[in-house]
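Everything below concerns the one structure shown next.
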Amino acid sequence: MDDLMSLQKIKIRHSFTSFVSSLNIKSELLTEASCGLIVFDQSYYQYAKPLIASINLNSPNTKIIVFGINLDESCIKLLGSYSDLINVNFYNEDLNLISESERKAFCANSRASIIAALYKQFQMSSLTYIDVDSLVVNNLSRFIQKEISTKPRLLFRIVKNGYFKKLGFLPFKSGVIVIISPCESNTSCNLPDQYKTIQVQGVLDSYSNYVLDHLFEWFADQRGLVHLSTLNAALGLIHPTGRIINDWNLHPYSFVWSAKGSIKHWISWKVACLLYNKVYQFPSRWRNSSIIRPALRTFNLLAFVIYHIEMPPRYLIRILEKLLFSRVV
């Protein structure tokens, strides 16, 4: 049985690398200044809809590239209805012979190879990978314009917290990864090849190769970022960010909210997802009206308040559960 699983993993890795080496991206994306990348499988499809809605409502100039893994026909059909807004790629492979934890790890780790392949093959001034259980609550272009420099940048959240480290969590968070290439203006531009430096592609390839070597291991995507921080080639390229780009406390001034851990089951998160889904279903003339954006900002503030009301009792319950469990053990 172990030999069969090993052979299956080899087959999956081979088919996946073949898949990312022949990406199917709409030609008009080649000239887009800013692209967003979302990767998910069937179990996370429910979170893709509010994320897509939030990007189109709050960051409409960000073009979305979607990679769906083993989606069923109904999901593929529904994603097809977004064809004027997103580019969809589907990867299908039998994952039944590997364990559930390995399947989850594979889906999470697939981001590394897709990011490297997209950067290599297509011209874009920025590429932002976003975990599917996230919401974009402010225009990503504002963040990207602020970070554009004469040199490429690789940005992700680094948590500098002693207690966080004591619990064994990795400080580098891969839920949002931003790659910014140099551009003379903050508007749409085509980047000449020399801007796609060997340094940037080499670093992204190193990230991809590391994660591919641990494709079925949980947290390999985060350990890969730790690995990058040890490379001389990455010096000057990696720029740490705070929660402003990957925020699990739902601050209204952040750009991306992330449903870390159990947050996706909280009332504040469920209400936020429901609202973005509903607003995105409005006719385009209503979605683009002058009152929608102020209304969304007001709601983001309300979600922040609800989150911080429900947070203390939830954390208290978690602490009590840990204390009781430790005593039983």
Q) What's the verdict on ring pair (Phe, Tyr, Trp, His ring centres under 6.0 Å) for Tyr207 and His227, showing C-alpha distance, side-chain angles and the deciding distance? A) CA-CA 8 Å; Tyr207 180 48; His227 168 70; 9.0 Å; no
State the [atom1]-[atom2] distance between [X] and [Y], to the nearest 0.5 angstrom.
X	Y	atom1	atom2	answer
Asn89	Ser22	CG	OG	9.0 Å
Leu155	Ile177	CG	CD1	10.5 Å
Ile180	Thr128	CD1	OG1	7.0 Å
Ile144	Ser34	CD1	OG	3.5 Å
Ile263	Lys270	CD1	NZ	13.5 Å
Ser258	Lys264	OG	NZ	10.0 Å

Can you hop from [X] to [Y] via hydrophobic side chains spaced under 4.5 Å?
X	Y	value
Ile309	Phe299	no
Leu250	Ile244	yes
Val226	Leu228	yes
Leu301	Leu135	no
Leu274	Ile292	no

Does a donor on one side chain and an acceptor on the other come within less than 3.5 Å for [X] and [Y]?
X	Y	answer
Arg243	Tyr253	yes
Tyr91	Ser15	yes
Asp72	Gln42	yes
Gln281	Asn277	no
Asp133	Tyr44	no

Q. Do Tyr129 and Phe156 make the cut of ring centroids closer than 6.0 angstrom?
A. no
(Q) Would Leu37 and Ile114 count as a side-chain contact (heavy atoms from CB on, under 4.5 Å) here? Give the steps. (A) CA-CA 9 Å; Leu37 170 64; Ile114 296 173; 3.8 Å; yes
[X] side chain vs [Y] backbone, donor-acceptor pair below 3.5 Å:
X	Y	result
Asp247	Val256	no
Asp221	Ser174	no
Asn87	Ile64	no
Ser289	Arg285	no
Gln222	Phe219	no
Arg287	Val279	no

Q) Is it true that the NZ or CZ of Arg223 lies under 6.0 Å from the centre of Tyr210's six-membered ring and within 45 degrees of the ring axis? A)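 No, Arg223 does not lie over the aromatic ring of Tyr210.
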(Q) Do Lys9 and Phe216 form a cation-pi contact, if we require the NZ or CZ to be under 6.0 Å from the six-membered ring centre and within 45 degrees of the ring's axis? (A)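 Yes, Lys9 sits over the ring of Phe216.
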Are [X] and [Y] close enough that some pair of their side-chain heavy atoms sits under 4.5 Å apart?
X	Y	answer
Arg13	Leu212	yes
Lys173	Val159	yes
Ser208	Ile115	no
Phe40	Cys107	no
Phe143	Asn138	no
Val132	Tyr45	no

Can you name the closest pair of heavy atoms from [X] and [Y] and give their distance?
X	Y	answer
Val136	Ser59	CG1-CB, 4.1 Å
Ala105	Glu217	CB-C, 3.5 Å
Gln8	Leu97	CG-CB, 3.9 Å
Leu204	Ala116	O-CB, 3.7 Å
Ile65	Cys35	CD1-CB, 4.2 Å
Arg157	Asn246	NH1-O, 2.7 Å

Q: Report the C-alpha distance between Phe67 and Phe19 in whole Å, list the side-chain angles of each, state the deciding distance to 0.1 Å, and finish with yes or no for side-chain contact (heavy atoms from CB on, under 4.5 Å).
A: CA-CA 11 Å; Phe67 284 81; Phe19 168 75; 3.6 Å; yes
Q. Do the ring planes of His251 and Phe304 sit parallel (below 30°), tilted (30 to 60°) or perpendicular (above 60°)?
A.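 Aromatic pair His251/Phe304 classed tilted.
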Q) What orientation do Trp286 and Phe282 show, parallel under 30°, tilted 30 to 60°, or perpendicular over 60°? A)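 Answer is perpendicular, since the angle exceeds 60°.
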Q | Chi angles and distances behind the ring pair (Phe, Tyr, Trp, His ring centres under 6.0 Å) call for Phe106, Phe16 | A | CA-CA 10 Å; Phe106 167 76; Phe16 177 67; 5.4 Å; yes
(Q) Within the supplied structure, the quantity of interest is the number of heavy atoms (other residues, nucleotides, ligands) at a distance under 6.0 Å from Ile267 CD1; does it exceed 12? (A) no
Q) So with a 6.0 Å cut-off around NE2 of His308, is the heavy-atom count from everything else above 12? A) yes
Q) Under the side-chain contact (heavy atoms from CB on, under 4.5 Å) criterion, do Asn300 and Trp257 qualify, and how do the steps go? A) CA-CA 10 Å; Asn300 291 342; Trp257 288 351; 3.8 Å; yes
**Q.** Passing candidate, side-chain contact (heavy atoms from CB on, under 4.5 Å) with Leu140, options Ile55, Val176, Ile130
**A.** Ile130
Q: For a side-chain contact (heavy atoms from CB on, under 4.5 Å) with Ser54, tell me which candidate from Leu51, Asn56, Leu57 qualifies.
A: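 Only match with Ser54 under side-chain contact (heavy atoms from CB on, under 4.5 Å): Leu51.
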Q: Show the numbers, then the answer: is there a side-chain contact (heavy atoms from CB on, under 4.5 Å) between Tyr276 and Ile52?
A: CA-CA 9 Å; Tyr276 278 107; Ile52 291 170; over 6 Å; no
Q: Considering only NZ, NE, NH1 and NH2 on the basic side and carboxylate oxygens on the acidic side, decide whether Arg111 and Asp131 come within less than 4.0 Å.
A: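 Yes.
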(Q) Between Lys104 and Glu100 (salt bridge meaning N to carboxylate O under 4.0 Å), is one present in this structure? (A) yes
